[in-house]
There are 2 protein chains.
Amino acid sequence: MGKSTLDAADLRILEALQRNGRLSNVDLAEQVGLSPSPCLRRVRDLEEAGYIQGYAAILDRRRLGLGVVAFVEVKIDQNAEGDAVFRRAVERIPEVVSCFVMTGTMDYLLQVVVPDLDAYAEVSMKRLLQIPGVKDVRSSFVLDVVKHSTALPLPPA
Amino acid sequence: MGKSTLDAADLRILEALQRNGRLSNVDLAEQVGLSPSPCLRRVRDLEEAGYIQGYAAILDRRRLGLGVVAFVEVKIDQNAEGDAVFRRAVERIPEVVSCFVMTGTMDYLLQVVVPDLDAYAEVSMKRLLQIPGVKDVRSSFVLDVVKHSTALPLPPA
DNA sequence: AGTGAAAGGAGCGATAC
DNA sequence: GTATCGCTCCTTTCACT
């Protein structure tokens with residue numbers, strides 16, 4: 001199932017699709033210097049090999065009235081059960097955009113997107129703190145976004 | 001330029017396109033309960049009004065050999081010039097996936113994606129610390145990803 | 001606002017190199 | 001592995017409700 005090495009054309013395809021996921025196959029083929037058929041086959045292969053997980057519309061957070069982004073450190077009672085419960089709960093909160101286990105003292109680092117501070121209070125108090133095992137929630141808020149990219153750094157060639 | 005309110009159909013369109021940005025217009029129209037023509041017109045309007053910033057292929061970080069994600073707190077000499085220089089520099093480092101100004105003590109919070117710790121050392125020492133005005137760089141590393149979504153939370157209806 | 005039809009173009013399979 | 005052909009379906013515009 002799936003190739004294990006990427007040649008230069010594959011990398012060009014991935015780079016182009018990171019920039020514009022709705023490129024038509026003919027346009028993509030032209031950008032990467034292939035004719036449409038082999039280009040499409042490569043894209044399908046990259047999808048099936050799992051290099052491409054999917055495609056998404058990138059929405060404008062502020063335009064949608066989502067003015068508040070918070071990074072939240074969550075401490076929970078450390079046991080396997082509590083972890084599983086917490087993870088499942090977080091999975092189902094759409095305001096939690098991402099959730100990582102980190103090195104250092106904190107247990108989880110969450111990124112939360114909400115319309116305003118009231119909505120943040122709601123998520124923090126009524127959702128996160130309600131999850132059994134959650135001991136501490138510490139929030140920092142984003143004052144300004146310098147950069148926010150969905151594109152991963154790919155090897156040069 | 002552009003509508004200022006979103007009706008239920010608009011929200012269904014945005015939600016569907018967040019999940020699958022390559023949906024064909026006919027499939028999208030079916031999912032949101034419209035016929036293709038008005039559906040396409042709405043999508044175009046949403047794009048031009050800035051609700052949809054663009055479309056991107058979502059790549060699999062690990063499959064691409066990018067095993068290390070770090071959150072990096074960067075302290076810089078606080079003056080307008082230094083800030084502008086720092087922002088411009090960060091903009092041009094593809095390994096820096098995002099960069100925020102945060103409340104609290106740290107000046108910037110960066111998210112960095114690299115293949116391994118050697119590459120991280122390279123970015124940290126030879127790129128970030130080289131930027132004039134950068135005083136301190138503190139890194140935490142992601143041990144596990146519980147959730148990582150590009151989808152923003154949209155109002156229910 | 002939504003519907004329906006019509007033309008141009010793209011996707012995608014088959015085939016050949 | 002790559003390109004060309006050809007059929008089908010989608011996209012997109014226009015006239016109409």
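Computed from a prediction, not measured in an experiment: that's the story for all the values here. Residue numbers begin at 1 in each chain, while the letters A, B, ... track the order of the sequences.
To the nearest angstrom, C1' of C:dA10 lies 10 Å from CG of A:D27. Rounded to whole Å, atom P of C:dT3 lies 14 Å from atom CD of B:E30. Taking atom CZ of residue B:R42 and atom C1' of nucleotide C:dT3, one finds them 14 Å apart after rounding to whole Å. For the pair B:N25 CG and C:dG2 P, the computed distance is 13 Å after rounding to whole Å. A straight line from CG of B:L28 to C1' of D:dT12 spans 15 Å, rounded to a whole angstrom. The distance between atom CG of A:L34 and atom P of C:dG11, rounded to the nearest whole Å, is 14 Å.
Side-chain contact between A:L59 and B:L154: present, with at least one pair of heavy atoms (C-beta onward) separated by less than 4.5 Å. Within the 4.5 Å cutoff, side-chain heavy atoms of B:L46 are placed close to those of B:L6.
Across every non-hydrogen atom of B:K147 and A:E91, the tightest pair is NZ-O, 3.2 Å.
Within a 6.0 Å radius of CD in A:E15, more than 12 heavy atoms belonging to other residues, nucleotides or ligands are found. Atom CD of B:Q130 is surrounded by more than 12 heavy atoms from other residues, nucleotides or ligands within 6.0 Å.
Ring pair A:Y55/B:Y55: centre-to-centre distance not below 6.0 Å. Ring centroids of A:F141 and A:F71 are separated by 6.0 Å or more, keeping the two rings apart.
End-to-end axis angle of the helix from C:dA1-D:dT17 to C:dC17-D:dG1, from C1' rotation axes over five pairs per end: 30° (rounded to 10 degrees).
Within residues 5-22 of chain A, no residue places a heavy atom under 4.0 Å from DNA chain C.
Across the interface with DNA chain D, nearest-nucleotide mapping of B:S24 and A:P38 shows A:P38 to be the residue nearer the 5′ end.
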Identify all pairs in which a protein N or O lies below 3.5 Å from an N or O of nucleotides 13-15 of chain D, and state each distance.
residue: D:dT13; atom: O4; partner: B:S37; partner atom: OG; Å: 3.0

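The main-chain N or O of A:L23 is found under 3.5 Å from a side-chain atom of B:R22 such that the two form a donor-acceptor pair. Remark: side-chain polar atoms of A:N25 are paired, donor with acceptor, to backbone N or O of A:P36 under 3.5 angstrom. Without hydrogens or angle criteria, B:D107 side chain to B:I76 main chain gives a donor-acceptor distance under 3.5 Å.
Atom CZ of B:R19 sits about 6.0 Å away from atom CD of B:Q31, to the nearest 0.5 Å.
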